[in-house]
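In what follows, a structure is listed as structure tokens, so that the remarks can point back to it.
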Number of protein chains: 2
Amino acid sequence: MRVSKEKAAENRERILTEAARLFREQGLSGVGVDALAEAAGMTHGSLYSQFGSKERLAVEALTHAARTSAARLSDAGTLEEYVMHYLSADSRKRPGEGCVVAALVGEIPRQGAAVRHSFTDVVRAVTKRIASLMPGRRKSEDEALAIVATLVGALTLARAVDDDLELSDRILAAARTRLMSH
Amino acid sequence: MRVSKEKAAENRERILTEAARLFREQGLSGVGVDALAEAAGMTHGSLYSQFGSKERLAVEALTHAARTSAARLSDAGTLEEYVMHYLSADSRKRPGEGCVVAALVGEIPRQGAAVRHSFTDVVRAVTKRIASLMPGRRKSEDEALAIVATLVGALTLARAVDDDLELSDRILAAARTRLMSH
């Protein structure tokens with residue numbers, strides 16, 4: 001049975017959305033092909049025949065997640081609104097739907113070249129977009145890189161220490177204050 | 001054969017040093033008990049009889065690594081010297097000997113309660129020490145938390161994108177500039 005082009009594209013989109021969610025929630029090394037296939041409602045074999053390898057699927061899922069975040073970032077309006085959303089309690093509790101850089105950064109040094117390259121592309125793209133939201137007099141990619149570092153560090157730390165919610169809240173608030181005041 | 005108390009303490013120290021290095025290099029979930037036993041020059045069984053579980057060993061190794069870093073941080077002198085060292089190319093290439101917070105932060109949300117609690121204790125301790133290095137007029141734990149977030153974010157990002165060394169260097173430099181100028 002042949003599947004129409006639209007249907008095939010729709011399927012692919014759904015698989016990538018599920019894979020991107022699982023990878024962000026459980027880590028690249030924490031998710032096996034079986035779990036990916038199950039979440040996508042496919043057999044192990046058909047997932048392989050479509051993507052070739054777990055690494056290839058990870059590359060596409062990473063790019064897919066970044067594209068979705070980019071669309072959201074374009075809607076963010078101001079840098080201030082973006083920072084307030086990024087460093088919110090809601091964003092802390094939803095790694096599966098949030099920033100792919102924050103969710104995966106710790107694991108990337110141990111990945112293969114293809115995953116590493118696509119991650120680096122995502123960091124470059126996020127930095128460009130942050131720079132484009134900056135007020136004219138401060139607009140610089142180096143300044144944007146420092147902002148990205150603070151955002152990613154604060155969100156990953158806040159998630160790591162959320163067994164102490166007061167400390168976790170203080171990290172988010174301190175980073176928001178620092179980013180807004182300079 | 002009985003082992004003297006000093007010898008036993010020395011052995012324990014050596015095992016924790018090796019375990020802390022491996023966990024930081026390969027991640028908590030990336031290192032198995034076999035690799036830990038091999039690095040410590042012990043059998044799987046004797047490692048278990050000494051520590052009880054991989055989680056227990058991880059808790060002790062984390063605390064051990066934090067104690068070693070704390071000693072180094074006390075030697076750092078000024079906040080500026082500490083930041084310059086933390087965000088250096090040398091620190092980027094040696095996760096196994098560096099900051100345990102930066103090396104493990106991404107994995108912590110998926111760990112058991114004991115590992116999570118000891119990680120949170122380390123974050124609190126690092127923050128207090130950073131605050132103690134801050135010049136009097138700026139000294140505040142909230143400001144210190146924002147500094148820790150920027151340090152951890154910049155170092156983890158710089159390691160993740162070091163397939164593009166120029167970008168990686170720029171992240172370290174941008175974070176140094178931001179932390180030194182405010």
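All chains are named by letter (A, B, ...) in the order of the sequence lines, taking the proteins before the strands, and each is independently numbered beginning at 1.
Of the two parts of A/V123, only the side chain, counted from C-beta on, holds a non-hydrogen atom closer than 4.5 Å to a non-hydrogen atom of chain B. For a residue to count as touching a neighbouring chain, one of its non-hydrogen atoms must lie under 4.5 Å from one of that chain's; by this rule A/V148 touches chain B with backbone and side chain alike. Contact of A/E25 with chain B is made through the backbone alone, with heavy-atom distances under 4.5 Å. For chain B, the nearby part of A/R110 is the side chain; its heavy atoms alone come within less than 4.5 Å.
Between B/R24 and B/E97 there is no salt bridge, since no side-chain nitrogen of the basic residue lies less than 4.0 Å from a carboxylate oxygen of the acidic one. The pair A/D162-A/R92 does not count as a salt bridge, with every side-chain nitrogen at least 4.0 angstrom from each carboxylate oxygen.
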Practice problem: Report the C-alpha distance between A/R124 and A/D121 in whole Å, list the side-chain angles of each, state the deciding distance to 0.1 Å, and finish with yes or no for salt bridge (charged side-chain N to carboxylate O under 4.0 Å, His left out). | Solution: CA-CA 5 Å; A/R124 268 194 229 99; A/D121 284 344; 2.7 Å; yes
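Once rounded to the nearest 0.5 Å, the distance linking NE2 of A/H64 with CD of A/E18 reads 9.5 Å.
Counting heavy-atom pairs closer than 4.5 Å to chain A, the top residue among B/A102, B/G30, B/A149, B/G106 is B/A149. Among the candidates A/D163, A/T156, A/L145, the residue making the largest number of heavy-atom pairs closer than 4.5 Å to chain B is A/D163. Interface check for chain A: of the options B/L104, B/V152, B/L172, B/L157, the most heavy-atom pairs under 4.5 Å are formed by B/L157. Most heavy-atom pairs under 4.5 Å with chain B, from the set A/V161, A/L151, A/I108: that is A/V161. The candidate with the highest count of non-hydrogen atom pairs below 4.5 Å against chain A, out of B/S29, B/A160, B/A146, is B/A160.
Side-chain atoms of A/S91 do not come within 3.5 Å of backbone N or O of A/L87 as any donor-acceptor pair.
Within the 4.5 Å cutoff, the side chain of B/R178 has heavy atoms near those of the A/R178 side chain. For the pair B/R56/B/V59, a side-chain contact is recorded, criterion being any heavy-atom separation below 4.5 Å from C-beta on.
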